[in-house]
Amino acid sequence: MEKRYIEQFIWGYQEHFRGSLDTQLERVLKSIGFEHEAQSFLIGFQVSGSRPFPICLEQGEQLYCPEDFANVQGLADEKYETHPERHVLHSHKIAHERFHKRLRDRMRAEAIESALIGLKGSEDSAFFVGNSVRVGDYEVHIVVSTDAEAVMTVPQISTTVRDRMTVLPSLFHAVTWEVINRASRELHMPDPGSMLDALNASVEEVVRSATETLLRTILYCTGYWFASDFHSLMNGLSALPYEGRPGSGRLVLAESGNPSIKVSIKLTEPVQSRDTPAIRKLLEASGLEIDVLSDGEYVYGLGVITPEYDPQSESIFVVTFQGRGVWELSHAGVPLIAVRDGISSLPRHVLDEKCLIDLCDRLFPDGESDALLRAARAVGRHRHGAMLVVSIDAENEARRLSPQSWAIDPAILPDDLLTQLTDMDGAVLLDPKGRCHAIGVILDGIAKGKGDPARGSRMNNAVRYLGSAPPPAIVVVYSADGGIDILPQLHPRVSKDAVECVVSEYLEIASQRPPALRRIHRTWKRVEPYEFYLSDKQCGALNRARKDVQAWRMQNNHLCIEEPALKPHPEMSDDYWLPTTPATP
């Protein structure tokens, strides 16, 4: 059996603590829809005693070494001396000392982030570094890293500070910091990590707390500083029916004096934000032409955001109520957070334009993808669900389906008309050039066991239609609850070289002894998205490598999890490879 010991020792349960933190990160981020892996590690700076390592790392595998952070304290001191709040003076001595201790500590956290970003191999990573907690002889910072590109794709605002107050730009940031802060509080406990799970809060609790913090800080941007209960107020509004009807309408959050707000109706007596029944009634008056206006504390009237609004100011936000218990917060038309029955997630009901364009290019080589994308956006402005069908043989399909629809003379329809047509039951049928051939289309087809009883009739009708082998077609389904599905759901085209590269990387890392188990696990996470594209030869090589790693784990008393063997997918073909770019002579 392999002997295991902690070389860079901070405290005895540091590995268990970090493992619990990784597990909590994975669970919480997955719950909000962030599918990319995040890892944590700990970095401790010695402040007392006599230890062999002035800087200690607990990282699970050898990614970094203490020498990588040798200049951190010097950089932190420079940051502190040049910080705008360096000369802030508190009249109370203890308050003054605490403020500047926290500021110095925050500057060291920022210096750690700067050091990490500058290291070779970290160019594609984003880092989040918490403030330190004293553990034994060390001040310990928690660090979380993940894929930087994935973070950039999360819906977010650019503001991070407003009037010296920290603003969290996205739900991902809020959740990540919530986990870090909870873990930091855990470090204050005796022997953190000694229990089976040092971080045992439920996922729902963590996300709810993160959401409250996110909404409170985002509303700083509107000039409102006391939105601690905003999350519960919006949940109450969305859940409250009005004369039996589910919640709907839009609530615009902006200061009453914001020059980009046009007030059409000003209330003589503003309504307090806690008066849920009154605000719910006012929401009935909102619609396409007017919204309810609130400064956070009061509803002061009805009006609209003017076209002159500069999105870069990030001073106006919108809450859209989409049904009972369903609402979202957006900025400048971009959803930032989606809430259903009090549970928050990253917005999923955003049209995947990249996927739609890819499908158009694959199914309709001579089509007009820009025109189809424009039509999809217009249909997406529906009020209660909609469907867009694009068929390569739209003329004949319009004729065949005409008993259940109205065929029209082919024409490019204006965006506002396409939006208006979604008020009618049934789909809008276009050809690949974007010309409309029929409206009010009810799709036919035979059920073949591929539907989903949990979904509505639009989605299942689309599945049955495509399952009946019609001429090549794309169906975009907009559900009444805000979900968007693009059918058929084909695997995206990928680069053959990218697949070969990630397979080779895994085989090389898995062949090393002793194996870096955490690195192997992380590399396997990069292989998994390409499982559909693997050849028989690649499947065989990966299966053998995983079997060898499992054998080593068993010999060295590690936990083993039996994994199913990889097999080439029967539907994989050369059509799923991206075209290769010819080499320049």
Any side-chain to backbone donor/acceptor pair from Asp191 onto Ser194? Under 3.5 Å, distance only. no
Would a distance-only check, ignoring hydrogens and angles, find a side-chain to backbone donor-acceptor pair under 3.5 Å from Asp22 to Ser40? yes
Would you please name every residue forming a ring pair (Phe, Tyr, Trp, His ring centres under 6.0 Å) with Phe9, sequence neighbours left out? none
Parallel, tilted or perpendicular: which fits the ring planes of His231 and Trp327, with parallel below 30° and perpendicular above 60°? tilted
Is any NZ, NE, NH1 or NH2 atom of the basic residue among Arg18 and Glu58 found under 4.0 Å from an Asp or Glu carboxylate oxygen of the other? yes
Might you work through the side-chain contact (heavy atoms from CB on, under 4.5 Å) test for Leu418 and Thr422, ending with a clear yes or no? CA-CA 7 Å; Leu418 279 170; Thr422 63; over 6 Å; no
For Ser345, give me all partners under side chain to side chain donor-acceptor pair (under 3.5 Å), at least two apart in sequence or on another chain. Arg348
Who pairs with Pro66 by side chain to side chain contact (heavy atoms under 4.5 Å, CB included), at least two apart in sequence or on another chain? Gln8, Phe53, Ile55, Leu57
Short question: side chain of Gln14, backbone of Ile10 - any donor-acceptor pair under 3.5 Å? yes
Please list, chain by chain and in numerical order, all residues satisfying ring pair (Phe, Tyr, Trp, His ring centres under 6.0 Å) with Phe69, sequence neighbours excluded. none
Taking the side chain from Thr146 and the backbone from Glu37, do they hold a donor-acceptor pair closer than 3.5 Å? yes
For the pair Gln156 (side chain) and Val154 (backbone), establish whether a donor and an acceptor sit closer than 3.5 Å, ignoring hydrogens and angles. yes
Between Thr419 and Ala378 (side chain of the first, backbone of the second, donor and acceptor by atom type, cut-off under 3.5 Å), is there such a pair? yes
Test of ring centre spacing under 6.0 Å for Tyr533 and His569: no
Residue list, side chain to side chain contact (heavy atoms under 4.5 Å, CB included) with Glu35, at least two apart or on another chain: Lys30
Which residues satisfy the side chain to side chain donor-acceptor pair (under 3.5 Å) test with Ser114, sequence neighbours excluded? none
